Every structure is written in C-alpha cells, then in structure tokens.
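Keep in mind that this is a model prediction, so the values were computed, not measured.
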Amino acid sequence: ITLTSAVGTDNQTVCINTAITEITYVTTGATGASFSGMPAGFSGSWVGNVVTIICTPPASGVFNYTVTLTGGCGIVTANGTITVTPDNTITLTSSVGTDNQTVCINTAITDITYSTTGATGATFLGLPTGVTGNWAGNGITITGTPSVSGIFNYTVTLTGGCGNVTITGTMTVTPDNTIALTSAVGTDNQAVCINTAITDITYSTTGATGATFLGLPTGVTGNWAGNVATITGMPSVSGTFNYTVTLTGGCGNVDVNGTINVNPLPVTSQIFHD
C-alpha cells in the first residue's frame with residue numbers, strides 16, 4: 001500500500017465540519033481494505049486497487065487511523081492522523097453588562113474583556129472614537145474614553161483558527177447636559193423694585209434630571225420640571241443677587257449664572273415748619 005495523494009495528506013489538520021483533503025493509496029495483491037480509528041463522518045473505500053478516504057468530521061479531536069489490506073498475502077497496514085480543530089470561542093470575562101454599557105462623553109468606559117480559544121487575532125468594528133480593541137494571548141480588551149456621543153453597536157470578529165465567530169455589544173455614550181435661556185433676552189440680568197414681581201426667568205435643559213438654585217433673593221424661588229428651569233417670585237429684600245442654576249443628573253458639570261438687582265423703595269424727606 002502506497003500513498004498517492006499529496007505528501008502530508010495522510011497527516012492533516014482540518015476545521016470541524018470541513019471536508020478533509022481526499023486521501024488515496026494504491027495497493028497491490030489485496031482484494032479489499034478495512035478502516036479503523038477514523039473520525040465520525042468518514043467514508044473509506046477500496047476499488048480497483050485504490051483506497052480512498054473522504055470525510056467531513058462533525059467532532060473535534062485527534063484521530064489516528066489505520067488502513068488494513070484484506071485478501072492476498074501478508075498483514076499490510078498504513079497509518080495516518082487526522083486532527084480536527086474545534087471552532088474558535090469567545091466568552092465575556094468582565095462583569096455582566098459591561099458589553100452593553102452607558103457612559104458620559106469624555107468619561108472612560110469600564111474595560112470590556114473576553115477570553116478566546118483557537119483564534120490568532122481579532123478585528124473590531126463600530127467602536128466610538130477614543131475607544132480601541134486589542135487581542136493578545138487569547139484575551140480581548142476594549143478600553144478608552146469616548147469623545148463622541150451616540151449609540152455604538154460594536155462587533156468583535158475572531159481571526160485565525162476555525163469558524164466564523166463574532167460577538168456583539170452596545171456602547172451608549174451620553175452627551176453633556178445643556179441649559180439655554182428661553183425667556184426674553186436680558187431677563188437673566190434684570191432689575192426690579194423690592195416687593196415687585198420679577199419677570200419670570202426660564203431655561204430649557206437637556207440631559208438633566210433636576211437643578212439646584214443658589215443666590216436668589218428671599219421671595220424668589222427656582223423650580224425644574226419637564227426639562228425647564230423657572231425662576232419666579234417677588235423679592236422682599238433689596239440688594240444685588242448673583243444667582244447660579246446648576247443641573248443635576250445626566251452628564252457634565254453644567255451651570256448658568258445671572259443677576260437680579262432689587263432696588264429699595266425711595267426714601268422721602270419731610271420738612272417741618274414752625
């Protein structure tokens with residue numbers, strides 16, 4: 001029995017569920033052949049002094065096979081090995097949920113890590129600017145500080161090894177809060193007389209879940225509701241009041257300033273005559 005397929009085909013490595021390169025032998029004297037040690041899914045035949053082995057193995061492992069000629073004279077065998085490699089694998093090893101996380105813009109993400117088997121590298125698609133992925137030593141790390149906001153559906157695809165293996169995740173990057181004056185220009189820097197209602201001051205906000213108000217005169221209050229901050233009331237003390245509205249919740253340290261000048265009532269003088 002003599003190998004007639006390419007050198008090395010009798011000792012080959014293939015991916016699981018992938019057809020092997022056909023192995024052939026020419027024989028003399030025999031009337032048939034038997035096969036042992038083959039992986040599942042193989043087909044071996046002897047026809048017209050030619051042994052043919054074909055196979056699409058459905059299970060991984062190392063299979064040391066033997067072809068034994070039957071009929072004719074002598075106990076004649078040929079041996080070989082078919083190594084069947086399993087598909088690559090990828091598994092999240094950072095905390096549950098890190099592969100689908102929400103962060104503020106310009107804030108570092110929680111590192112996302114995966115362990116891999118079989119692969120020799122990985123490609124990364126869909127990550128936000130400022131975030132990068134790296135494969136080394138059967139481990140993947142996604143890390144960085146996103147500099148753009150949005151919803152980023154990313155994909156990690158293993159390279160090398162066997163199988164088309166990918167894993168996906170989502171990174172939601174939230175923009176900083178915003179606040180903008182929506183009442184008339186100049187209402188955030190107004191002057192009123194004591195015990196006279198101010199012109200309401202309003203701001204529209206995005207991202208925040210509330211607001212704090214500092215520096216308002218007694219009798220004037222601030223309120224946040226439905227993405228609108230409103231300052232209203234009737235000051236009962238005079239003076240210059242530099243106020244600050246600071247957004248709470250959401251992302252970023254965002255505030256706005258203004259001034260309410262409260263003028264006292266004019267003082268009248270009385271002249272007495274004898």
Side-chain angles (χ1 to χ4, degrees), residues 87-161 163-183 188 201-216 222-231 242-258:
D87 281 341
N88 300 340
T89 66
I90 184 169
T91 306
L92 181 71
T93 51
S94 51
S95 299
V96 173
T98 49
D99 54 339
N100 289 284
Q101 61 181 282
T102 299
V103 296
C104 291
I105 192 170
N106 297 318
T107 301
I109 68 167
T110 299
D111 284 359
I112 308 167
T113 59
Y114 299 91
S115 64
T116 70
T117 63
T120 58
T123 60
F124 304 85
L125 292 176
L127 294 174
T129 302
V131 176
T132 58
N134 180 63
W135 181 96
N138 292 315
I140 285 172
T141 302
I142 297 174
T143 189
T145 300
S147 59
V148 290
S149 61
I151 297 174
F152 299 90
N153 298 305
Y154 68 84
T155 301
V156 181
T157 302
L158 300 186
T159 57
N164 297 314
V165 179
T166 64
I167 198 166
T168 61
T170 300
M171 204 172 297
T172 302
V173 184
T174 305
D176 282 340
N177 300 339
T178 66
I179 185 168
L181 183 71
T182 50
S183 52
D188 54 343
I201 308 166
T202 60
Y203 299 91
S204 66
T205 71
T206 63
T209 57
T212 62
F213 302 82
L214 293 175
L216 295 173
N223 179 65
W224 183 94
N227 292 317
V228 175
T230 303
I231 298 172
N242 297 306
Y243 69 83
T244 301
V245 181
T246 302
L247 300 185
T248 58
C251 292
N253 298 311
V254 178
D255 57 32
V256 69
N257 301 301

Can you see whether [X] engages [Y] through a side-chain donor-acceptor pair at a distance of less than 3.5 angstrom?
{"X": "Thr230", "Y": "Asn223", "result": "no"}
{"X": "Asn153", "Y": "Thr170", "result": "yes"}
{"X": "Thr182", "Y": "Thr202", "result": "yes"}
{"X": "Thr129", "Y": "Ser147", "result": "no"}
{"X": "Asn257", "Y": "Thr244", "result": "yes"}

Between [X] and [Y], what is the shortest heavy-atom contact and its length?
{"X": "Cys104", "Y": "Pro146", "answer": "O-CG, 4.5 Å"}
{"X": "Gly133", "Y": "Leu127", "answer": "N-CD1, 3.8 Å"}
{"X": "Val156", "Y": "Ala122", "answer": "CG1-CB, 4.2 Å"}
{"X": "Asn88", "Y": "Val165", "answer": "O-CG2, 3.3 Å"}

Is a side-chain donor or acceptor of [X] paired with a backbone partner of [Y] at a separation under 3.5 angstrom?
{"X": "Thr248", "Y": "Gly210", "result": "yes"}
{"X": "Tyr203", "Y": "Ile231", "result": "no"}
{"X": "Thr205", "Y": "Asn227", "result": "yes"}
{"X": "Gln101", "Y": "Thr172", "result": "no"}
{"X": "Asn177", "Y": "Cys251", "result": "yes"}

Give, for atom [atom1] of [X] and atom [atom2] of [Y], the distance between the pair rounded to the nearest 0.5 Å.
{"X": "Ser183", "Y": "Asp188", "atom1": "OG", "atom2": "CG", "answer": "6.5 Å"}
{"X": "Leu247", "Y": "Thr178", "atom1": "CG", "atom2": "OG1", "answer": "7.5 Å"}
{"X": "Ile105", "Y": "Thr174", "atom1": "CD1", "atom2": "OG1", "answer": "9.5 Å"}
{"X": "Tyr154", "Y": "Asn100", "atom1": "OH", "atom2": "CG", "answer": "6.5 Å"}

Margin query: As a quick check of understanding, evaluate side-chain contact (heavy atoms from CB on, under 4.5 Å) for Val148 and Val173, giving each step before the final call.
Written below: CA-CA 7 Å; Val148 290; Val173 184; over 6 Å; no

Next item on the list: Quick one: do Ile140 and Phe124 satisfy side-chain contact (heavy atoms from CB on, under 4.5 Å)? Show the steps, please.
Entry: CA-CA 10 Å; Ile140 285 172; Phe124 304 85; 3.6 Å; yes

Next item on the list: Go through the steps to decide whether Thr145 and Ile109 satisfy the test side-chain contact (heavy atoms from CB on, under 4.5 Å), and finish with yes or no.
Entry: CA-CA 6 Å; Thr145 300; Ile109 68 167; over 6 Å; no

Checklist line | Residue that, paired with Thr117, satisfies side chain to side chain donor-acceptor pair (under 3.5 Å) out of Asn138, Asp87, Thr89 | finding: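 That would be Thr89; it is the only one of Asn138, Asp87, Thr89 passing the side chain to side chain donor-acceptor pair (under 3.5 Å) with Thr117.
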
Checklist line | Stepwise side-chain contact (heavy atoms from CB on, under 4.5 Å) test for Ile201 and Tyr243 | finding: CA-CA 12 Å; Ile201 308 166; Tyr243 69 83; 3.7 Å; yes

